[in-house]
Amino acid sequence: MTDSTFRSHVGHEALAEVMDMVKRQGVDHAGQQRIRAVLQGKIDEAGKGSHHKSRIDIDMTKTLHAPDGSVWTPRDIMERDLLRLAEQRTELATGSSAMASQGFVTPKHIDELKERVVGGAKRNDRRNVAHLLDNTLDSIYGRPVGEDMTNMMRIMAAVTQMVGLAYSGLWQVTEYAKMAMRYGLLNTVREVVRELPLLRQVAKEDSQALRDVLARNAYQDIRMRPFLSRLEDGFDISESSSWLHMAQKAKQLVPYLNGMVFVQRHQARVSANLILDSLKKAADGDPKAIQALGKYGVDKNLIAEIKDQLTRNGQRIDHWDEGVWNKVRDPLTRIVDDNVLRSKLGEIPAYAQFSTLGKFIFTFRSFVLGAHNKILAGTLTQDGAGAYALMMAYQLPLTAAMTQASSVLRGEGYIDDSQEWAAAAVSQAGGFGLFSDLFTAAMGGKHQLGSPSMIAAERAFTLFNAATTFGQGIEGWAGG
């Protein structure tokens, strides 16, 4: 290869000069080839995106001998799980895209954000603010969030969810109450009936329709994942932990077996239909609809833009102007999340989301924490005490009915004692939030060794005790 070949492209002149000096130093042909390959590779990397550059030139098949006598290659310490790599890269790309849309494009912008947020906090709060911000950014970028848990704690947590959430599908039914309060009982019942499986009409453009997109955003997190490489909080699953794999896969079946996933999907479609109806009413000047949407940041100007898009393009959001969709997507998604009680990052206490002990203690109590913030506190703050009272007037009868249903399914039969029935119903009402736990404790109904995370241990102890008692009875009968 001649100097003219090197110089045929801009930027190769330095390479040609270096190779001339190498030849004059008497480096053999193999050495020249190696030097040329390294330098040529660096030039080839110029102009590439940071994620596409080759950081270092490594012979992955080179055999290395460790001091303890073990033999390994660089390939042995590289990540080779394509599924995990693809998932991490996808979440990083989507997170980076979301941050870039808000003006945070480079790491420098993120550092400036941290300085501004942490620096603006009180001196005594800065450590906590920095911790919350770091975990929030980790969640956005798909990195592990909070503190890790041991495999045994994760297995116990999974078993506890499988045992403790056996009837969560019934309690999810009670969340129709908030929609009835917001949109009217008759309107909600109408949409509930229209979205029943045998009566629902599926349009050809459902996948691009506004109502379908809003509904899917609310329930897409609950799905079967046959290939598990990462846990819900972003930590990797060890390939050697077969028990953890089995527990996590079994846990995925719970929402399907108890029916919660089907109820929530139905609620999401009902909510999306009611939101679309509210948008149309607001576009026609309905003051109540305008006021309700305004609480989520959808002002009159944005309503006018939405009306224009609906008039010109219908519900097909892939035909909408991108700017309008970007402005309306977040507030409409938050409305659906509130209606179906879907809690996201930041909507339950940080202790329950980020700390090891909090993740374990509140294994499946995120529902109650979310209900406290979204139903109890949220309704009182946004809609007032009157609206909250109306919502509870709808929710308590639903809860009472579901309480009887769960009692029958458990094999305990119908609850005849009206006081017992009322106490059980009130304790399960999501509208009371954390106060429902206090009510249950006051009635002497707590049995989880003081913590919901110990439900599985408590049930195992009860089963062991029952088996021991039965065995003693058999022994006594045989001896008699």
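In this text the structure is predicted, and so the values were computed from the model without any measurement.
Annotation: the span from Leu332 atom CG to Asp337 atom CG amounts to 11.0 Å, rounded to 0.5 Å. Atom-to-atom distance recorded for Ile140:CD1 and Leu92:CG is 12.0 Å, nearest 0.5 angstrom. Residue Asn273 holds its CG atom at 11.0 Å from OG of Ser278, rounded to the nearest 0.5 Å. Expressed to the nearest 0.5 Å, how far CD1 of Ile335 lies from CG of Leu274 amounts to 11.0 Å. Distance check, rounded to the nearest 0.5 Å: NZ of Lys178 to OH of Tyr183 gives 9.5 Å. Rounding to the nearest 0.5 Å places CE of Met181 at 10.5 Å from OH of Tyr388.
When all heavy atoms are compared, the tightest approach of Leu380 to Ala385 is CD2-CA, 3.9 Å. The shortest non-hydrogen separation linking Leu398 to Ala177 is CD1-N, 4.4 Å. Taking each heavy atom of Trp421 and Ala400 in turn, the nearest pair found is NE1-O, 3.0 Å. The two residues Gly430 and Gln395 have their closest heavy-atom pair at N-OE1, 3.6 Å. Here the closest heavy-atom approach between residue Val117 and residue Leu133 is recorded as CB-CD2, 4.1 Å. Taking every heavy atom of both residues into account, Ala268 and Ala218 meet most closely at CB-CB, 3.9 Å.
Taking 4.5 Å as the limit, some side-chain heavy atom of Leu137 sits within range of a side-chain heavy atom of Met99. Between Val145 and Phe354 the shortest side-chain heavy-atom distance falls below 4.5 Å. Using a 4.5 Å heavy-atom cutoff, the side chains of Tyr296 and Asp338 are in contact. Side-chain contact between Tyr167 and Met402 is absent, with no heavy atoms from C-beta onward closer than 4.5 Å. Tyr219 places none of its side-chain heavy atoms less than 4.5 Å from the side chain of Val336. Looking at heavy atoms from C-beta onward, Asp134 lies in side-chain contact with Lys114 at the 4.5 angstrom threshold. Two residues are said to be in side-chain contact when any heavy atoms from C-beta on lie closer than 4.5 Å; Gln102 and His109 fail this criterion. At a threshold of 4.5 Å between non-hydrogen side-chain atoms, the residues Trp325 and Val213 count as touching.
With His266 contributing its side chain and Val263 its backbone, the two residues share no donor-acceptor pair below 3.5 Å. The main-chain N or O of Val189 is never found under 3.5 Å from a side-chain atom of Tyr176 such that the two would form a donor-acceptor pair. No donor-acceptor pair closer than 3.5 Å links the side chain of Gln428 to the backbone N or O of Thr399. Looking at Asp138, its side chain never comes within 3.5 Å of a backbone N or O of Arg143 through a donor-acceptor pair. Looking only at distances, a side-chain donor or acceptor of Arg84 sits under 3.5 Å from a matching main-chain atom of Ile237. For Ser407 (side chain) and Thr403 (main-chain N/O), no donor-acceptor pair under 3.5 Å exists by modelled atom type. Proximity of a side-chain donor or acceptor of Thr94 to a complementary backbone N or O of Glu91 within less than 3.5 Å is detected. Glu87 places no side-chain N or O within 3.5 Å of a backbone atom of Arg230 that could act as its donor or acceptor partner. In this structure, the side chain of Ser97 does not engage the main chain of Ala93 through any donor-acceptor pair within 3.5 Å. The main-chain N or O of Trp171 is found under 3.5 Å from a side-chain atom of Thr174 such that the two form a donor-acceptor pair.
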* To do: Report the C-alpha distance between Met179 and Val192 in whole Å, list the side-chain angles of each, state the deciding distance to 0.1 Å, and finish with yes or no for side-chain contact (heavy atoms from CB on, under 4.5 Å).
  => CA-CA 10 Å; Met179 287 185 277; Val192 166; over 6 Å; no
* To do: Output, in order, the C-alpha distance, side-chain angles, deciding distance and verdict of salt bridge (charged side-chain N to carboxylate O under 4.0 Å, His left out) for Arg211 and Asp277.
  => CA-CA 10 Å; Arg211 60 185 175 188; Asp277 187 55; over 6 Å; no
* To do: Would you sort out whether Gln267 and Gln172 count as a side-chain hydrogen bond (donor to acceptor under 3.5 Å, both in side chains), showing the intermediate values?
  => CA-CA 9 Å; Gln267 288 175 337; Gln172 186 68 34; 2.7 Å; yes
* Asked: Can Phe432 and Leu376 be said to form a side-chain contact (heavy atoms from CB on, under 4.5 Å), step by step?
  -> CA-CA 6 Å; Phe432 290 121; Leu376 176 60; 6.0 Å; no
* So Arg225 and Lys249, side-chain contact (heavy atoms from CB on, under 4.5 Å) or not? Walk me through it. -> CA-CA 8 Å; Arg225 299 171 58 197; Lys249 290 182 177 180; over 6 Å; no
* To do: Kindly determine whether Leu214 and Thr333 satisfy side-chain contact (heavy atoms from CB on, under 4.5 Å), including the steps that lead there.
  => CA-CA 6 Å; Leu214 293 177; Thr333 300; 4.2 Å; yes
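By the neighbour-count criterion of 12 heavy atoms within 6.0 Å, atom CE of Met152 is sparsely surrounded, having that number or fewer from other residues, nucleotides or ligands. A 6.0 Å sphere centred on CD of Glu322 holds no more than 12 heavy atoms belonging to other residues, nucleotides or ligands. At most 12 non-hydrogen atoms from other residues, nucleotides or ligands lie less than 6.0 angstrom from CD of Glu232. The environment of Trp243 atom CH2 is sparse: at most 12 non-hydrogen atoms of other residues, nucleotides or ligands sit within 6.0 angstrom.
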I'd like a table of donor-acceptor pairs (distance under 3.5 Å, sequence neighbours excluded) in which one partner is a side-chain atom from residues 118-126, with atom names and distances.
from   : atom 1 : to     : atom 2 : distance (Å)
Arg126 : NE     : Ala121 : O      : 3.2
Arg126 : NH2    : Gly119 : O      : 3.4

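A salt bridge links Glu191 with Arg194: the closest approach of a Lys/Arg side-chain nitrogen to an acidic carboxylate oxygen falls below 4.0 angstrom. In this structure, Arg334 pairs ionically with Asp330, as a charged nitrogen and a carboxylate oxygen lie closer than 4.0 Å.
Every salt bridge (charged side-chain N to carboxylate O under 4.0 Å, His left out) that Asp383 has, sequence neighbours left out, goes to Lys295.
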